[in-house]
There are 2 protein chains.
Amino acid sequence: MTMSPSRPTMHDVARVAGVSIKTVSRVVNGEPGVRASTRERVDAAIGQLRFLRNDGASQLRSGRADTIGLIVEDLANPFYSVLAAAVERVTRRHGHLLMTGSGEGLSEQEQSLAAAFLSRRAAGLLVVPTESDHAWLTQEATAGTPLVFLDRPAAGIVADTFLTDNEGGVRSGVEHLAAHGHRHIAFLGDDPAFWTAARRLDGFHTATTALGLRCDRVAMGPHDPAGLVSVLRAWTQGDDPITAILTGNNIVTVAALHAMRAADVRLGLVGFDDFELADLLEPSVTVIAQDPASMGEQAAHMLFQRLAGDTTPPRTVIQATRLVVRESGRLR
Amino acid sequence: MTMSPSRPTMHDVARVAGVSIKTVSRVVNGEPGVRASTRERVDAAIGQLRFLRNDGASQLRSGRADTIGLIVEDLANPFYSVLAAAVERVTRRHGHLLMTGSGEGLSEQEQSLAAAFLSRRAAGLLVVPTESDHAWLTQEATAGTPLVFLDRPAAGIVADTFLTDNEGGVRSGVEHLAAHGHRHIAFLGDDPAFWTAARRLDGFHTATTALGLRCDRVAMGPHDPAGLVSVLRAWTQGDDPITAILTGNNIVTVAALHAMRAADVRLGLVGFDDFELADLLEPSVTVIAQDPASMGEQAAHMLFQRLAGDTTPPRTVIQATRLVVRESGRLR
DNA sequence: TCGGCCTATGACATCGTTGTCAACCCTAGA
DNA sequence: TCTAGGGTTGACAACGATGTCATAGGCCGA
């Protein structure tokens with residue numbers, strides 16, 4: 001068992017260069033007031049020893065912090081991974097590093113991740129919040145740690161929040177279907193315990209009501225394939241059969257596509273969330289697209305603005321959806 | 001401008017509880033030798049002040065480190081995001097935190113991310129390496145920082161590496177097409193500057209040659225839609241027309257699907273990488289599936305084994321692909 | 001009653017870095 | 001020649017925690 005040589009410190013660099021550690025610090029931090037020849041000697045020593053400053057020690061002493069924490073529900077979900085990638089890009093551009101964690105929808109896990117990030121003295125936190133109360137973050141926020149919520153608002157706390165216009169998005173989808181002659185539209189949503197699912201359901205109710213359409217053909221998740229098939233059968237048979245469905249997110253859209261095939265029914269379709277290959281299906285699928293990359297980017301920008309000293313009141317930004325018209329909204 | 005109160009430290013907790021900071025430290029770390037009544041008083045003070053230990057200071061003093069760094073090419077790419085999610089889960093289970101960064105295929109950016117992670121004194125690094133030489137990491141590795149490479153080997157350094165059986169995967173695809181009567185198969189790959197793309201091309205050559213098929217209908221990326229269409233036209237017209245194509249990754253597969261539709265040609269198809277909705281297309285697409293979640297999980301496990309003291313020689317693990325048979329491999 | 005030992009607790013140095021401030025050198029001006 | 005002043009440099013404390021070691025107090029047996 002060989003003793004692994006410990007990492008070189010400024011002290012080692014100073015010894016090799018024949019200067020004090022303070023001078024090394026000055027060179028490392030690009031501070032003025034170091035003679036060029038001295039700087040060269042120090043740089044040479046740094047290169048020779050492959051010195052890397054211990055940022056932990058540096059931040060402890062200086063009080064700075066250059067790490068950002070991001071908590072999403074599931075990093076493997078394309079919506080969140082695209083969002084995370086955008087956040088990371090902005091973070092990197094600001095010379096900060098990003099720590100990420102999946103809260104998996106569990107309040108407890110969200111709190112433990114937040115605590116871990118804050119123990120690491122993260123400069124700020126970006127959070128896709130669970131449904132639970134977030135008053136426990138109030139102290140952090142007032143202590144000056146910027147906090148930004150994404151995709152959903154956090155209960156029990158006021159902070160910058162970036163949302164999608166869920167109601168408006170669904171409305172545009174309903175109106176699109178109606179404009180193509182559909183008068184009997186059903187809604188397949190996700191579990192309304194999810195804030196976004198509930199908002200989209202709201203949107204369905206107001207939009208159908210405004211158009212004088214029936215708004216009671218609704219099934220909220222979680223969905224199993226067999227159940228979905230029988231729901232579709234019921235809605236398409238009997239009197240007043242539906243001619244179209246609106247699905248509440250990409251997972252439900254995919255499930256609905258499978259179910260429509262299994263039940264052998266053909267319906268108009270508009271889905272919330274764009275997805276790859278939506279344009280290659282037969283028929284291609286019209287969708288209500290969100291823009292997670294833009295959401296992540298804007299939220300990260302806001303966070304860095306706060307870090308830069310912006311103390312204006314917290315803002316809530318609602319991002320419009322974009323209706324991507326393909327074929328599946330037309331009347332059959 | 002209100003002065004934001006600085007975060008409470010062990011010193012503050014000690015004052016409130018009427019003990020020394022060393023006793024607070026003992027309570028926080030669950031060390032024995034503290035009277036129950038004292039422990040209670042300290043815990044009460046911690047709760048009252050909402051004290052969070054400064055892990056940076058703790059790690060500076062103790063030499064511990066509980067952060068892992070992950071560098072992938074692009075966090076938004078589903079392959080890497082699924083991998084990252086798996087890594088994060090394992091990391092979390094081991095009580096560590098994950099820092100992630102997108103190298104974007106640039107050696108320079110990869111190095112700067114690695115340096116940033118190592119400056120933060122990451123306990124270990126998981127890297128999807130660029131094509132460049134990685135000798136610069138040798139010192140770190142011998143200094144005891146566990147290093148694990150994913151998806152591709154790193155040049156110029158020996159370390160644990162987790163790969164997919166790219167050649168074998170392509171071979172299984174070619175054999176599948178041949179078994180369904182295809183004797184004229186083309187290969188659409190990505191830029192062979194990517195290690196995986198080159199390996200898959202190798203696989204195509206050896207597999208077709210072994211079966212006595214032509215191996216010269218090959219087009220490597222980057223692909224533009226128009227170019228792809230004309231390539232397909234050329235291969236399907238003239239004498240000895242192809243009847244099937246094998247695509248080198250999911251992006252090329254999607255591009256090929258678009259091009260086939262645009263060129264109005266119908267060909268057998270097997271694609272490298274599974275993708276959502278592959279089963280809903282007409283015809284459903286047979287794919288050579290990788291398992292990024294398993295790769296990330298295994299690699300992270302390996303890293304924690306190394307951290308736990310495993311000093312056996314570096315291993316290279318090659319993960320088999322799985323042929324997901326759907327309809328598109330059949331002869332038309 | 002006293003010594004010895006074990007338990008609970010605290011004083012202090014220390015991790016690697018940076019902020020403060022003093023000291024040094026050199027040159028220019030008197 | 002002496003002094004003032006600017007440009008360099010270093011000594012030292014401090015950031016918030018933990019490791020080492022000493023000490024105070026209680027209990028036991030002799």
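Lettering of chains follows the sequences in order, A, B, ..., and the numbering in each one begins at 1.
- E108(A) CD: 12 or fewer foreign heavy atoms inside a 6.0 Å radius.
- Residue R61(A) places no side-chain atom within donor-acceptor reach of the base of dT17(C), judged by atom type and a 3.5 Å distance cut-off alone.
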_How would you summarise protein contacts on nucleotides 6-11 of chain C per nucleotide, using B for base, S for sugar-phosphate only and - for none, with heavy-atom distances below 4.0 Å?_
--SBBB
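- Distance R121(B) CZ to dG16(C) C1': 9 Å, rounded to the nearest Å.
- The CZ-P distance, from R64(B) to dT18(D), rounds to 7 Å in whole Å.
- At whole-Å resolution of the value, CG in N54(B) and P in dA14(D) are 18 Å apart.
- Whole-Å rounding puts the L60(B) CG to dA13(C) C1' distance at 13 Å.
- For the atom pair L126(A) CG and T91(A) OG1, the distance stands at 7.0 Å (nearest 0.5 Å).
- Here the closest non-hydrogen pair linking L303(B) and L125(B) is CD1-O, 3.6 Å.
- Going from atom CG of L49(A) over to atom CD of Q139(B) covers 8.5 Å, rounded to the nearest 0.5 Å.
- Axis deviation across the helix from dT1(C)-dA30(D) to dA30(C)-dT1(D) amounts to 60°, comparing end segments of five pairs, rounded to 10 degrees.
- Note: Q109(B) CD to T130(B) OG1 = 10.5 Å, rounded to the nearest 0.5 Å.
- A distance-only check finds no donor-acceptor pair linking the side chain of T316(A) to the backbone of P314(A) [under 3.5 Å].
- In this entry the distance linking CD of Q59(B) with P of dT17(C) reads 15 Å, nearest Å.
- The phosphate of dT18(D) has OP1 or OP2 within less than 4.0 Å of a side-chain N or O from S58(B).
- Using a 4.0 Å cut-off between a side-chain N of Lys or Arg and a carboxylate O of Asp or Glu, E88(B) and R93(B) do not qualify as a salt bridge.
- Contact detail for S132(A) and H134(A): the closest heavy-atom pair is O-ND1, 2.7 Å.
- Comparing G56(B) and E31(B) by the nucleotide of DNA chain D whose heavy atom lies nearest to each, the residue mapping closer to the 5' end is G56(B).
- Straight-line distance from the CZ atom of R15(A) to the C1' atom of dT17(C): 17 Å, rounded to whole Å.
- Residues L147(B) and A159(B) approach most closely at O-CB, 3.7 Å, considering heavy atoms.
- Within the nucleic acid shown, N29(B) comes within 4.0 Å of sugar-phosphate atoms alone, with no base atom in reach, counting heavy atoms only.
- Phosphate proximity of dT18(D) to S25(B): present, with a side-chain N or O under 4.0 Å from OP1 or OP2.
- Taking atom NE2 of residue H11(B) and atom P of nucleotide dC15(D), one finds them 9 Å apart after rounding to whole Å.
- Computed from coordinates, the R53(B) CZ to dG16(D) P distance equals 15 Å when rounded to whole Å.
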